[in-house]
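Down below is the structure, laid out as structure tokens.
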2 protein chains.
Amino acid sequence: MTQKDLNTEQKILKAARVVFTHKGFEGARMQEIADEAGINKALLHYYYRNKDKLFEEVFKEAFYTMVPQVIELLKSDMPLFDKIRFFAEKYIDIFIQNPFIPGFVLHELSQNPKRIVDLISNLGIEPQIFLQQIQTEIEKGAIKPIDPRNLLTNLLAMCIFPFVAKPILKNIMFTKDDKAFTLFVEERKKSVPEFIINAIKK
Amino acid sequence: MTQKDLNTEQKILKAARVVFTHKGFEGARMQEIADEAGINKALLHYYYRNKDKLFEEVFKEAFYTMVPQVIELLKSDMPLFDKIRFFAEKYIDIFIQNPFIPGFVLHELSQNPKRIVDLISNLGIEPQIFLQQIQTEIEKGAIKPIDPRNLLTNLLAMCIFPFVAKPILKNIMFTKDDKAFTLFVEERKKSVPEFIINAIKK
DNA sequence: GTCTATATTGTGATAGAC
DNA sequence: GTCTATCACAATATAGAC
């Protein structure tokens, strides 16, 4: 599936995205990326020195898709419940459009946890403002007491997990076709924030 | 770290567990498994014909650890809230003791989703009873209405996700050492069921 | 820039001595 | 059963023609 309107470098990156996110670094083959791009193996090395460099591009892109944008959102001055609704909807949407990103990023990070240290310190990813906002609401008596880190973890878990566990969920839930699963996840854009708000509201 | 009181076959399996669960099938090297077992590469092939066979042993074991036992638990006739508490506590405990199992199983399943079809149909994993129990509670008016599949998904997500996303969570939550993370997860054995029950109780 | 051909290294697997 | 040595092939990477 090559695009005639992309230059070679773009075609390679696009193909690499597909193969790396599906197979991971170790599972990916340079030959498969070349095939997917409709070009020759040697060209991969012409544009990107080696497999590592090509992977690095794809991984960074995927990480940016998954983490910083949305953490930024948590820093806004929106009221807590609105923020939770907005976050879940936007985040789940990102994954509906990029269903392989979560598994890919999480797997590669656990293969090489040092990687994240650089990325995170470069980007200044700090959910402190969100955690503080939760703490403030608790102190005001506006919501039930909860460890704010637990609330954030639960929010992330409910948004991300279905995409990481898709094969199990699809089978266990008896929604064996993809359309039913997509519907199920689509519906979670509303039900996840509702669930969370029910859990913490007084 | 070889154990003097294990026979060779056991040493191999133990080593394979470590290497496969950490690196995945594609990332694992037979040489590394041999080193970890303190034996020779050729012996791996003597006891297990090839890499696939050895992997199959490890994967099946890991899958059994992660899925069937605990699904069984969902079938008991315990009251819903107790069941949720019991499930979360037991499930999170399993992962505290086997922190690499979730990432390993989920990753390998998405590499090869066909694998699960066999395993699941062989084992008769059906959470129908649990889903039905939730539905009954809703109809009795005992809990808030919710798609039972969403409730199960959320329960699984909150138990499993922290172990899959450990590197990110550790960094983002500023609990950069392992002890703090373990404490955080330990504490979730109580807070996760509490969170869920708060979300659904009337 | 793009290709074919080839070098080089890595890795699973086997042969055969002990 | 366990080892050393080696094979066979797969995969990354490079050389060099066009």
Side-chain angles (χ1 to χ4, degrees), chain A residues 1-62 100 104 107-108 111-112 115, chain B residues 1-62 100 104 107-108 110-112 114-115:
Chain A
M1 299 295 160
T2 42
Q3 265 68 7
K4 283 174 202 148
D5 54 339
L6 294 178
N7 67 31
T8 305
E9 196 172 348
Q10 292 168 327
K11 281 196 287 190
I12 292 173
L13 195 60
K14 187 179 163 134
R17 251 194 302 264
V18 173
V19 177
F20 276 130
T21 54
H22 282 70
K23 307 281 182 80
F25 178 82
E26 292 286 355
R29 297 288 168 259
M30 294 298 265
Q31 184 62 61
E32 195 180 348
I33 296 174
D35 293 346
E36 175 77 23
I39 51 122
N40 188 281
K41 248 194 327 178
L43 266 186
L44 298 180
H45 292 88
Y46 177 79
Y47 283 97
Y48 301 86
R49 174 167 299 280
N50 55 36
K51 189 180 178 182
D52 286 275
K53 293 264 191 301
L54 184 51
F55 175 81
E56 209 58 43
E57 291 296 312
V58 172
F59 181 78
K60 249 189 251 169
E61 222 185 60
F100 292 94
F104 172 62
H107 178 251
E108 297 302 337
Q111 291 307 297
N112 187 0
R115 198 190 296 277
Chain B
M1 296 297 159
T2 42
Q3 266 65 8
K4 283 174 201 148
D5 53 341
L6 294 178
N7 67 30
T8 304
E9 195 171 350
Q10 292 168 327
K11 280 195 289 191
I12 291 173
L13 196 59
K14 187 179 163 132
R17 255 196 298 265
V18 173
V19 177
F20 277 130
T21 55
H22 283 70
K23 307 282 181 81
F25 179 81
E26 291 286 355
R29 297 289 168 258
M30 294 298 266
Q31 183 61 60
E32 195 181 347
I33 296 173
D35 293 346
E36 176 78 24
I39 52 123
N40 188 281
K41 245 197 327 179
L43 266 188
L44 298 181
H45 291 89
Y46 177 80
Y47 283 96
Y48 301 86
R49 175 166 299 280
N50 54 36
K51 190 181 178 183
D52 286 276
K53 292 264 190 301
L54 184 50
F55 175 81
E56 210 57 44
E57 291 296 312
V58 173
F59 181 79
K60 248 189 252 169
E61 222 183 60
F100 292 93
F104 171 63
H107 178 252
E108 297 301 336
S110 43
Q111 291 308 297
N112 186 0
K114 280 163 291 179
R115 199 191 297 277

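Chain letters run A, B, ... following the sequence lines, proteins first, then strands; residues in each count from 1.
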Separation of atom CE in B:Met30 from atom C1' in D:dC9, rounded to whole Å: 16 Å
Those residues of residues 40-59 of chain B lying under 4.0 Å from DNA chain D by at least one heavy atom: B:Asn40, B:Ala42, B:Leu43, B:Tyr46, B:Tyr47
Residue that, paired with B:Lys23, satisfies salt bridge (charged side-chain N to carboxylate O under 4.0 Å, His left out) out of B:Glu36, B:Glu108, B:Glu32: B:Glu32
Nearest-Å distance for atom pair CD/P, residues B:Glu26 and C:dT11: 12 Å
Touch class at under 4.0 angstrom, heavy-atom based, for B:Ala34 against every strand present: nothing
Closest non-hydrogen atom pair between A:Ala34 and A:Asn40, with its separation: CB-C, 3.9 Å
Rounded interatomic separation in angstrom, taking CZ from A:Arg29 and C1' from C:dT9: 14 Å
Spacing between B:Gln31 atom CD and C:dT14 atom P, to the nearest angstrom: 16 Å
Side-chain donor/acceptor of B:Gln111 to backbone N/O of A:His22, under 3.5 Å: yes
Candidate pair A:Lys60 and A:Arg115, rule side chain to side chain contact (heavy atoms under 4.5 Å, CB included), full reasoning: CA-CA 10 Å; A:Lys60 249 189 251 169; A:Arg115 198 190 296 277; over 6 Å; no
Under 3.5 Å: donor-acceptor pair, side chain of A:Gln10, backbone of A:Asn7: yes
Atom-to-atom span, CD1 of A:Ile33 to P of D:dA11 - whole angstrom: 12 Å
B:Lys41: side-chain hydrogen bond (donor to acceptor under 3.5 Å, both in side chains) partners, not counting sequence neighbours: none
